[in-house]
Enquirer: 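Shown below is the structure under consideration.
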Amino acid sequence: MLRRVGGAVGPRSAHEPSAYAERVLEVVAQVPAGRVMTYGDVREWLGESSPRAVGVVLAHHGHDVPWWRVVLADGRPAPVGRERALARLAAEGVPVEDGRVDLAAARWDGRPPA
DNA sequence: AGTATGACGGTTA
DNA sequence: CTAACCGCCATAC
C-alpha cells in the first residue's frame with residue numbers, strides 16, 4: 001500500500017489525512033491500471049460515507065493516488081482535470097468514447113486483476 | 001462550536 | 001436526450 005511518500009513514517013505535516021481519508025486513498029490506490037471505479041463504488045467499498053465525501057477527500061489528499069481512475073457515475077471524469085484524466089485513461093488502455101469511459105467494460109468490480 | 005463548501009448520485013421535471 | 005433539485009457526509013473556515 002502507498003504509505004507516505006516523503007520518506008519517514010513519523011510525524012508529518014499538520015494536515016495529515018484522517019483515518020477515513022486514508023481509507024479512501026487506500027481503495028483508490030488499489031485500482032489497477034486500465035480499470036476505473038466510480039465515486040459511488042468507492043463509497044460502497046468503504047461501506048459508508050457518500051460519493052461527495054469521497055470527492056472532497058480526493059480533492060485534498062488525492063495527490064498520491066491514481067485519482068484519474070475514479071470517474072463519475074456516468075463514466076465521465078470529474079470536472080476538475082478532466083482533460084488530464086482522459087489522457088491518462090486513454091494511455092492506460094481504458095475504453096473511452098466521446099469523453100466517457102465505457103463503464104460496462106472498464107468498471108473494476110474490486111476483484112484482483114490476477 | 002457551528003456554518004458553508006464540494007473530484008457526487010439519484011430522482012424528478 | 002438535457003436541466004434542475006435534493007440528499008449525502010467529511011473537510012475547511
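Each chain gets a letter, A, B and so on, in the order its sequence line appears, and its residues count up from 1. Quick caveat, the model's predicted, so the values are computed rather than measured.
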Enquirer: For a quick check of understanding: with a heavy-atom distance under 4.0 Å over all strands, which category does A:Ala21 fall into, base, sugar-phosphate or nothing?
Expert: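 Here A:Ala21 touches the backbone only, sparing every base.
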Enquirer: Are A:Val28 and A:Val54 connected in the hydrophobic side-chain network, where two residues link if heavy atoms are under 4.5 Å apart?
Expert: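 Looking at the clustering, A:Val54 is in the same group as A:Val28.
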Enquirer: By a strict heavy-atom criterion of less than 4.0 Å, which residues belonging to residues 76-84 of chain A are in contact with DNA chain B?
Expert: A:Ala78, A:Pro79, A:Val80
Enquirer: Tell me which pairs pass ring pair (Phe, Tyr, Trp, His ring centres under 6.0 Å) where either residue lies in residues 16-41 of chain A, with sequence neighbours left out.
Expert: none
Enquirer: Could you pull out all residues at least two apart from A:Trp108 that satisfy side chain to side chain contact (heavy atoms under 4.5 Å, CB included)?
Expert: A:Gln30, A:Val31, A:Pro32, A:Arg35, A:Met37, A:Trp45
Enquirer: Tell me which residues in residues 103-110 of chain A put a heavy atom below 4.0 Å from DNA chain B, sorted by number, or none.
Expert: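 Heavy-atom contacts with DNA chain B come from no residue of residues 103-110 of chain A; none.
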Enquirer: Give, for atom NE2 of A:His60 and atom OG of A:Ser18, the distance between the pair rounded to the nearest 0.5 Å.
Expert: 11.5 Å
Enquirer: Return the value, rounded to whole Å, for the distance between atom CG of A:Leu72 and atom C1' of B:dG6.
Expert: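 For the pair A:Leu72 CG and B:dG6 C1', the rounded distance is 13 Å.
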Enquirer: List the residues meeting side-chain hydrogen bond (donor to acceptor under 3.5 Å, both in side chains) with A:Ser50, not counting sequence neighbours, and say none if there are none.
Expert: none
Enquirer: Within this structure, what is the CG-to-C1' distance between A:Asp41 and B:dG9, rounded to whole angstrom?
Expert: 11 Å
Enquirer: Could you check if a side-chain atom of A:Glu22 sits within less than 4.5 angstrom of a side-chain atom of A:Glu16, using non-hydrogen atoms only?
Expert: yes
Enquirer: Can you tell me how far P of C:dC1 sits from CG of A:Asp74, to the nearest Å?
Expert: 11 Å
Enquirer: Can you list every pair that meets ring pair (Phe, Tyr, Trp, His ring centres under 6.0 Å) and has a residue in residues 72-100 of chain A, with sequence neighbours left out?
Expert: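 Residue pairs with at least one partner in residues 72-100 of chain A: there are none.
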Enquirer: Round to the nearest Å and state the distance from A:Arg23 atom CZ to C:dT11 atom C1'.
Expert: 15 Å
Enquirer: Return the set of residues passing side-chain hydrogen bond (donor to acceptor under 3.5 Å, both in side chains) with A:Trp68 (not counting sequence neighbours), or none when no residue passes.
Expert: A:Glu92
Enquirer: Quick test of your reading: applying salt bridge (Lys or Arg N to Asp or Glu O under 4.0 Å), list the pairs with at least one residue in residues 71-85 of chain A, sequence neighbours left out, ordered by first then second residue.
Expert: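 Qualifying pairs, neighbours excluded: A:Asp74-A:Arg76.
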Enquirer: Rounded to whole Å, how long is the line connecting atom CD of A:Glu44 with atom C1' of B:dG10?
Expert: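 Interatomic distance, CD of A:Glu44 to C1' of B:dG10: 14 Å.
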Enquirer: Nearest 0.5 angstrom please: A:Leu58 CG to A:His63 NE2, how far?
Expert: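 Output value for this atom pair is 10.5 Å.
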Enquirer: Write down the protein N/O and nucleotide N/O pairs, taken from nucleotides 5-9 of chain C, whose separation is under 3.5 Å; answer none if there are no such pairs.
Expert:
{"from": "C:dG7", "atom 1": "O6", "to": "A:Arg52", "atom 2": "NH1", "distance (Å)": "3.3"}
{"from": "C:dC9", "atom 1": "O4'", "to": "A:Ser50", "atom 2": "OG", "distance (Å)": "3.0"}

Enquirer: What is the separation between atom NE2 on A:His61 and atom C1' on C:dA12, rounded to the nearest whole Å?
Expert: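 Value for this atom pair: 10 Å.
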Enquirer: Under 3.5 Å, which donor-acceptor pairs link side chains of residues 100-107 of chain A to any protein atom two or more places apart or in another chain?
Expert:
{"from": "A:Arg100", "atom 1": "NH1", "to": "A:Asp98", "atom 2": "O", "distance (Å)": "3.1"}
{"from": "A:Arg100", "atom 1": "NH1", "to": "A:Asp98", "atom 2": "OD2", "distance (Å)": "3.1"}
{"from": "A:Arg100", "atom 1": "NH2", "to": "A:Asp98", "atom 2": "OD2", "distance (Å)": "3.1"}
{"from": "A:Asp102", "atom 1": "OD1", "to": "A:Ala104", "atom 2": "N", "distance (Å)": "3.2"}
{"from": "A:Arg107", "atom 1": "NE", "to": "A:Asp41", "atom 2": "OD2", "distance (Å)": "2.7"}
{"from": "A:Arg107", "atom 1": "NH2", "to": "A:Asp41", "atom 2": "OD1", "distance (Å)": "2.5"}
{"from": "A:Arg107", "atom 1": "NH2", "to": "A:Asp41", "atom 2": "OD2", "distance (Å)": "3.1"}

Enquirer: Between B:dA7, C:dA10, B:dG10, which one does the side chain of A:Ala73 approach most closely?
Expert: B:dG10
